[in-house]
Amino acid sequence: MKLTAKSIIRRYSCTRSRKDSPGSFYSWAETQVMMQYNQLVQVVEINNSSFLNYPYQLINNPADLKTALEPFMAAKIIGIDCETSGGIDPYRAKIRLVQLAIPHHPVIIIDLAAIDSADLSPLRQLLRGNALKVGHNLKFEWMMLAQAGLKPSRPFFDTYLAYRVLTAGLKCSLSLEAATAQLLNVKLDKKLQTSDWSGELTAAQLQYAAIDAAIVLPLRTNLKRQLKKALLWSTALLEFACLPAVAQMELNGMWLDKQQWQLLRTQLEAQQKTLTRELSSLQIPSPNQQICLLPEFTNSINLRSPKQVLAALQAQGISVSSTNNQALIPLVNEYPIIQALLDYRSLATRISTFAEGLVQHVHPVTGRIHPNWFQIGAKSGRFSCREPNLQNVPRNPATRQCFKPALGYILLKADYSQIELRIMAKVSGDSRMIAAYSKGEDLHKLTASLVLGKSLSEINSSERQLGKIINFGLIYGMGAKKFKNMAQAEHGRVLSLEEASQFRKRFFESYAGIAEFHKHIRKSWLQGIRESRTLGGRRRLWSKDSQPLLNEMLNNPIQGLSADITKLALAKLFAPLNRTGARLICVIHDEILLECPIAEVEPVKALLKRSMVEAGDKFLTPIPCEVEIQMVESWGG
DNA sequence: GCGTACTGCGCC
DNA sequence: AAACGGCGCAGAACGC
């Protein structure tokens with residue numbers, strides 16, 4: 001059906017009138033309407049407010065604090081910012097200033113160095129109140145205030161997260177400076193951000209501090225309007241609701257058994273030594289090679305250099321064009337040295353990135369690992385994690401067994417079962433998938449049976465594994481060639497290109513709903529649409545100078561909704577979890593890790609399951625959502 | 001000597 | 001033309 005501009009706008013307004021709530025969701029058809037609308041509208045916002053000078057009041061004694069906060073107690077919306085001395089690590093830095101802003105009122109700057117913690121109760125009460133707390137990257141303020149015994153309560157409006165929700169997929173700075181320049185046409189001077197906040201403060205420093213708290217209020221107004229206009233309000237609310245859980249998780253950190261880790265490291269290094277000897281036959285090819293019997297004098301290559309490895313392999317008569325796993329795995333049977341090479345490289349990664357790298361992030365104060373969690377780290381809406389990245393710790397038991405709960409605690413490890421396949425079933429409405437899930441059937445087995453033309457009961461575990469590769473590859477648009485390679489590399493099954501494309505064809509014949517879904521997305525891709533939406537309404541954009549890839553558009557609605565679901569679960573979990581002794585310590589996309597006092601396992605387990613299932617059901621119904629929870633002594637099980 | 005792009009690989 | 005997607009990290013290679 002062809003839509004006119006007018007009908008798109010009419011249908012769009014209809015969609016917009018839905019009630020906004022965190023995690024409210026849209027039908028597939030509605031997400032299509034949003035996209036078409038956004039193709040029509042170009043929004044230009046200009047605001048010339050001047051924030052060069054902003055009135056403020058410095059508070060440095062208890063009596064003034066009480067008086068100064070009185071107008072804030074009745075406020076519904078408060079701008080918040082903190083300045084810290086001694087860095088930005090919540091376990092080592094100290095808050096120097098807390099700045100609070102309400103409209104038409106001087107900013108209150110509270111000097112925490114001058115006021116005793118016991119005299120801060122008016123501030124504590126204010127932050128615990130129901131007012132909306134607005135700030136830029138509130139995860140930081142939340143952690144710092146929590147460490148000072150001033151933990152702020154919901155609701156929050158984080159202009160940093162809001163700006164990311166609005167611009168997901170685009171390359172742009174998310175700093176307060178960039179956001180105000182872009183959205184308010186106000187140029188902030190951030191030179192003083194990293195100045196010394198520990199001694200006597202200058203008027204310029206105080207002025208700077210005041211502006212940062214004040215500016216987030218008009219920034220919020222602007223962002224809220226744009227979010228609503230772009231139908232991103234419920235996504236933003238979901239992020240805001242999730243924020244305190246993320247901040248708390250970062251403070252909590254995760255314990256690593258350093259002694260056991262050191263033991264593992266020693267073993268890995270010993271293995272690496274053995275492999276190095278096996279690989280000594282790989283040499284730098286040279287036309288007039290000298291034969292030398294002592295390995296330490298041979299011109300042996302650097303095994304971590306792709307360039308040298310490639311040359312050495314080719315010199316041995318092995319015809320390869322790349323030295324990555326994909327290219328080398330098919331050759332392991334033919335050339336034993338290739339297996340040794342692959343093992344060496346795997347060990348090299350596990351030693352440098354993990355054995356050596358990870359342990360450097362154990363915090364000197366807490367003895368735990370506190371990575372930086374980025375709530376919207378990925379264009380799809382997924383989390384990312386840095387310094388260190390706990391989302392890519394090797395799965396092998398010896399590694400993960402070093403991650404343990406604190407004394408008196410146990411780990412609860414909760415997984416969504418096959419969440420992305422279930423999401424595919426939901427968004428495509430594929431009848432065969434829906435029927436299979438409602439009967440509790442195994443989708444990987446089903447796929448294997450459909451593609452191989454066998455009955456379900458005939459499928460063995462190896463064939464099921466092939467089904468898994470097919471499911472996860474083909475739903476995101478994998479081509480026959482890559483599928484062939486993958487089947488060989490990860491499953492050891494050698495397919496001809498014809499067989500591979502035959503399997504691929506059968507897959508899409510078997511799941512006509514998925515084929516239809518792909519066709520639909522392909523169509524909007526061909527139309528040049530530069531955005532993708534999840535059923536939660538979350539949006540990913542592509543900038544004008546980058547052509548969206550079809551497969552990115554096929555993947556985004558699935559991966560993005562998975563993120564929506566996990567975030568809704570975290571938002572639901574946060575408050576009730578705080579009434580227990582359990583702590584959120586890690587999130588790996590569809591997996592949530594809690595550290596739980598042994599005495600509280602049963603109620604916490606029930607709470608965790610309920611939060612996750614409710615979040616899943618909200619988006620997946622009628623597809624059942626399954627969550628598996630394990631109680632374990634370590635992350636390794 | 002320093003910053004950046006690339007390769008390769010760990011996870012979901 | 002480009003053909004599973006999403007990350008972060010380490011080391012080598014290269015350009016300034």
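- Side-chain N/O atoms of R382(A) and base N/O atoms of dG6(C) include a donor-acceptor pair closer than 3.5 Å.
- Counting only heavy atoms from C-beta on, R540(A) has its side chain closest to dG5(C) among dG5(C), dC12(B), dC9(C).
- Neither OP1 nor OP2 of dC9(B) sits under 4.0 Å from any side-chain N or O of Q326(A).
- Y476(A) and F472(A) have their aromatic ring centers separated by at least 6.0 angstrom.
- In the set dC7(C), dC9(B), dC12(B), the nucleotide with an atom closest to the side chain of R395(A) is dC12(B).
- Of the candidates dC12(B), dA10(C), dG8(C), dA10(C) carries the atom nearest the T353(A) side chain, counting heavy atoms from C-beta on.
- Between the C1' atoms of dA10(C) and dT4(B), the separation comes to 15 Å (whole Å).
- The side chain of N555(A) lies closest to dG6(C) when the candidates are dG11(C), dG6(C), dC9(C).
- Between the side chains of E239(A) and Q375(A), at least one donor N or O sits under 3.5 Å from an acceptor N or O.
- Look at CG on L268(A): it is 16 Å from P on dA10(C), rounded to the nearest Å.
- Taking atom P on both dT7(B) and dA3(C), the two are 14 Å apart, rounded to the nearest angstrom.
- With hydrogens and angles left out, the side-chain atoms of R164(A) and T167(A) include a donor and acceptor closer than 3.5 Å.
- At dG8(C), one or more side-chain N or O atoms of S384(A) fall inside 4.0 Å of OP1 or OP2 (strictly under the cut-off).
- Residues Q418(A) and Y437(A) have side chains that bring a donor and an acceptor to within less than 3.5 angstrom of each other.
- OP1 or OP2 of dC9(C) has not a single side-chain nitrogen or oxygen of S352(A) nearer than 4.0 Å.
- Taking for each of H589(A) and N551(A) the nucleotide of DNA chain C with the nearest heavy atom, the 5'-most of the two is the partner of N551(A).
- OP1 or OP2 of dC9(B) lies within a sub-4.0 Å distance of a side-chain N or O belonging to R345(A).
- Nucleotide dG10(B) holds its P atom 12 Å from the CG atom of N324(A), rounded to whole Å.
- For the pair K379(A) NZ and dG5(C) P, the computed distance is 11 Å after rounding to whole Å.
- Between E595(A) and W255(A), the side chains place no donor N or O within less than 3.5 Å of an acceptor N or O (distance only, hydrogens not considered).
- Distances shorter than 4.0 Å separate some side-chain N or O of K307(A) from OP1 or OP2 on dC14(C).
- For the P atoms, the distance from dA2(C) to dC6(B) is 15 Å, rounded to whole Å.
- A donor-acceptor contact under 3.5 angstrom links the side-chain atoms of Q559(A) to the base of dG5(C).
- OP1 and OP2 of dG5(C) both lie 4.0 Å or more from every side-chain N or O belonging to S562(A).
- Using cut-offs of 30° and 60° on the angle between ring planes, the pair F508(A) and H518(A) is tilted.
- Nearest nucleotide to the side chain of N392(A), out of dC11(B), dC7(C), dG11(C): dC11(B).
- When distances are taken from the side chain of T349(A) to each of dC9(B), dG8(C), dG5(C), the shortest belongs to dC9(B).
- The distance between atom CG of N471(A) and atom P of dC12(B), rounded to the nearest whole Å, is 17 Å.
- The distance between atom CG of L561(A) and atom P of dG6(C), rounded to the nearest whole Å, is 17 Å.
- Residue I588(A) is classed as a sugar-phosphate contact, given heavy-atom separations below 4.0 Å to backbone atoms only.
- Residue-level contact check: F472(A) touches the bases, meaning some heavy atom is under 4.0 Å from a base atom.
- Distance, L390(A) CG to dC7(C) P: 18 Å, rounded to whole Å.
- Regarding contacts with the backbone of dT7(B), every side-chain N or O of S322(A) stays at 4.0 angstrom or more from both OP1 and OP2.
- Regarding Q272(A), its CD atom lies at a distance of 14 Å from the P atom of dC9(B), rounded to whole Å.
- For E552(A) and N556(A), the side-chain atoms include no donor-acceptor pair closer than 3.5 Å.
- Considering only side-chain N and O atoms, R386(A) lies under 4.0 angstrom from the phosphate OP1 or OP2 of dC9(C).
- dG5(C) atom C1' lies 12 Å from atom CD1 of I521(A), rounded to whole Å.
- Counting any heavy atom pair closer than 4.0 Å across all strands shown, R522(A) reaches no nucleic acid atom.
- Between N325(A) and dC9(B) there is a side-chain polar atom (N or O) within less than 4.0 angstrom of OP1 or OP2.
- Among the atoms of the strands shown, none is found under 4.0 Å from any heavy atom of E420(A).
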